[in-house]
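Have a look at the structure below before the remarks.
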Amino acid sequence: MSVSPSLTGSPDLMATQPLLRAEGVSILYGSTVAVSNVFLDIFKHQITAFIGPSGCGKSTLLRCFNRTNDLIPGAKVKGNITFQGIDLYAKHVDPVEVRRRIGMVFQKPNPFPKSIYNNIAFGARINGYQGDMDELVEKSLTRAALWDEVKDKLKESGLSLSGGQQQRLCIARAIAVQPEVILMDEPCSALDPISTLRIEELMQELKEQYTIVIVTHNMQQASRVSDKTAFFNAAETEQGGKQGYLVEFDDTVNIFTNPREDYTRDYVSGRFG
Amino acid sequence: MAEMYAPADARRRFFGGVMTALVVGCTLIALIPLIAILLNVFIKGGGRLDTAVFTELPPPPLVKGGGLRNAFFGTLITLSIGSLLSVPLGILTAIYTVEFGQGTKAATIVRFCTNVLSGVPSIIAGLFAYGVVVLTTGKFSAVAGGVALSVLMVPIVVRTVEEGLKSIPREIRLASIGVGANDFQTVSRVVLPAVLPFIATGVTLSLARAAGETAPLLFTALFSQFGFNGAWAPVATLSVLIYNFAISPYQNQQELAWVASFVVILLILFISIVSRYLTRRTVF
């Protein structure tokens, strides 16, 4: 939400201080390493895109930023992930609070089997929201560019909407709890091109207020929407499995026009992946 | 090209026709006992179905007329006690095995025991209630009957609710957790409302099963010739009334047994229709 006082005073510092930082992060499922040794900084009010072939661990890494991976049996995070300088995996950190401040939009639209209104109001209610609920619902839906389409049927089930509308409902639900970061895990992969375009426009508007991290298989999407791009690749391990690693992380323009690594050039030019 | 395949095609069609006939035949054979029973009960029991059945007590031997008031309401009472005990227990068990204990040894053991329990003969459930309730309180009672029925109902409720919980996509839970809900809020405010139709089905299925049970009630609820006399007194039930009156030498009592059979079937039919109606409103 609002920037902390010490940071508002110095805009330079704001730009250089990462909001989320991954330092030497490896993620294991049981004894298999899914992603190894990632260093990455995510800055405020920017859209950071994770691209790379399937199985390179980009979604896995994304889920670690709000501890959704905690819910997957056997998943283990090594290394450091900090949010505003706080270690997200420290003992005293409450994962429920982490997830409230770092929201998530999933690959498949997953509205609650509740009314459109309650889809939005649920998060606010459980977080003890005291203000005018109708207003919050309207504001969130408006911001997610869905209000005009649903304002006359707020009582209908969220599941009655089309796929693109459902995904915008999920985005509205995520912003209704006023997070600071929104993680998006391939939010458009189940949507048609027009809905995809709407969501991309929406992301551009949302980045004024939020920080967005998006995983995408669609390179055009990454180049259209993001400020920074992280390219991941998967390497064969000796056991025959796949292990993801970060190849290159830079401004999106550089990744797509002048990458440092050959792998990145080959991938963004469509030579593999 | 078509002629080329003709012989094989004819053989395939012949085989398809024979198999279809076989399947239809088996279905009809399977339906015969059902239809025969329903018709028989309807003809012998349906004729005497009037308001007196629900307002009057069964008469002594050799007296004409009368009804099944005590047994009808006794069945409803024992079913209610059974539901009160088994529904909360069953729902909470299912929540544990699917939501919180998933994959743990304890959940596996609980699920295994539930499956064993669903295969336990109903008379054993009656013996259990006899030992636990009748012997400790020193009397036969509606409560003892309810306990016996609840033993039969719990596994049905657990299984149905488990199925319901499993049908809720994982993403819905993740979404709830993603907006900052804790596990309790996720289960109580997102998952449970979504499985309400399954809970309703579980309850009605278990009621339908318990409504027809005789063995567990024989030495728990026992029987009573009189109206309801409190939860801690013996109570008449339709199924035990059928058992008692069907073997009685008196024609009026035999007729009442047929009426009671008809009423039980109507009751189960009613419960099943309600269950169908509730599941039709499933959201997923």
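All chains are named by letter (A, B, ...) in the order of the sequence lines, taking the proteins before the strands, and each is independently numbered beginning at 1. No hydrogens, no waters, no symmetry mates; every other heavy atom, side chains included, goes into these values.
- Of the two parts of R173(B), neither the backbone nor the side chain holds a non-hydrogen atom closer than 4.5 Å to a non-hydrogen atom of chain A.
- The stretch residues 126-134 of chain A places I126(A), N127(A) near chain B, each with some heavy atom under 4.5 Å from a heavy atom of that chain.
- Applying the salt bridge (charged side-chain N to carboxylate O under 4.0 Å, His left out) rule to R21(A) yields the partners D41(A); only residues at least two apart in sequence or on another chain are considered.
- Rounded to the nearest 0.5 angstrom, I172(B) CD1 and K108(A) NZ are separated by 8.0 Å.
- R99(A) contributes atom CZ, which lies 9.0 Å from atom CG of L174(B) (distance to the nearest 0.5 angstrom).
- For Y89(A), the OH atom is densely surrounded, since the number of other residues' heavy atoms within 6.0 Å is greater than 12.
- Applying the salt bridge (charged side-chain N to carboxylate O under 4.0 Å, His left out) rule to E162(B) yields the partners R111(B); only residues at least two apart in sequence or on another chain are considered.
- When the shell of 6.0 Å around NZ of K76(A) is examined, it contains 12 or fewer heavy atoms from other residues, nucleotides or ligands.
- Residues S176(B) and F122(A) have side chains in contact (heavy-atom distance under 4.5 Å, counting atoms from C-beta outward).
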* Start with the C-alpha distance between V179(B) and R100(A), add both sets of side-chain angles, then the distance that settles side chain to side chain contact (heavy atoms under 4.5 Å, CB included), and finish with yes or no. => CA-CA 5 Å; V179(B) 294; R100(A) 200 192 69 68; over 6 Å; no

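- Judged as a salt bridge (charged side-chain N to carboxylate O under 4.0 Å, His left out), and not counting sequence neighbours, the contacts of R101(A) are E180(A).
- With a threshold of 4.5 angstrom between heavy atoms, P95(A) does not approach chain B through any atom at all.
- Counting non-hydrogen atoms of neighbouring residues, nucleotides and ligands closer than 6.0 angstrom, the CZ atom of F270(B) reaches no more than 12 such neighbours.
- Under the 3.5 Å distance criterion, the side-chain polar atoms of K114(A) are matched with a main-chain donor or acceptor of R189(B).
- For chain B, the nearby parts of V96(A) are the backbone and the side chain; heavy atoms of each come within less than 4.5 Å.
- Heavy-atom contacts from other residues, nucleotides or ligands closer than 6.0 Å to NZ of K78(A) number 12 or fewer.
- With a 6.0 Å radius and a threshold of 12 heavy atoms from other residues, nucleotides or ligands, F128(B) has its CZ atom at or below the threshold.
- Contacts with chain A were tallied for D183(B), N182(B), V190(B); V190(B) has the most, counting heavy-atom pairs under 4.5 Å.
- Counting heavy atoms from C-beta on, the side chains of N110(A) and P169(B) never come closer than 4.5 Å.
- When A181(B), G178(B), A175(B) are compared by the number of non-hydrogen pairs under 4.5 Å with chain A, A175(B) comes out ahead.
- For the set L71(A), V105(A), N66(A), the entry with the most heavy-atom pairs within less than 4.5 Å of chain B is L71(A).
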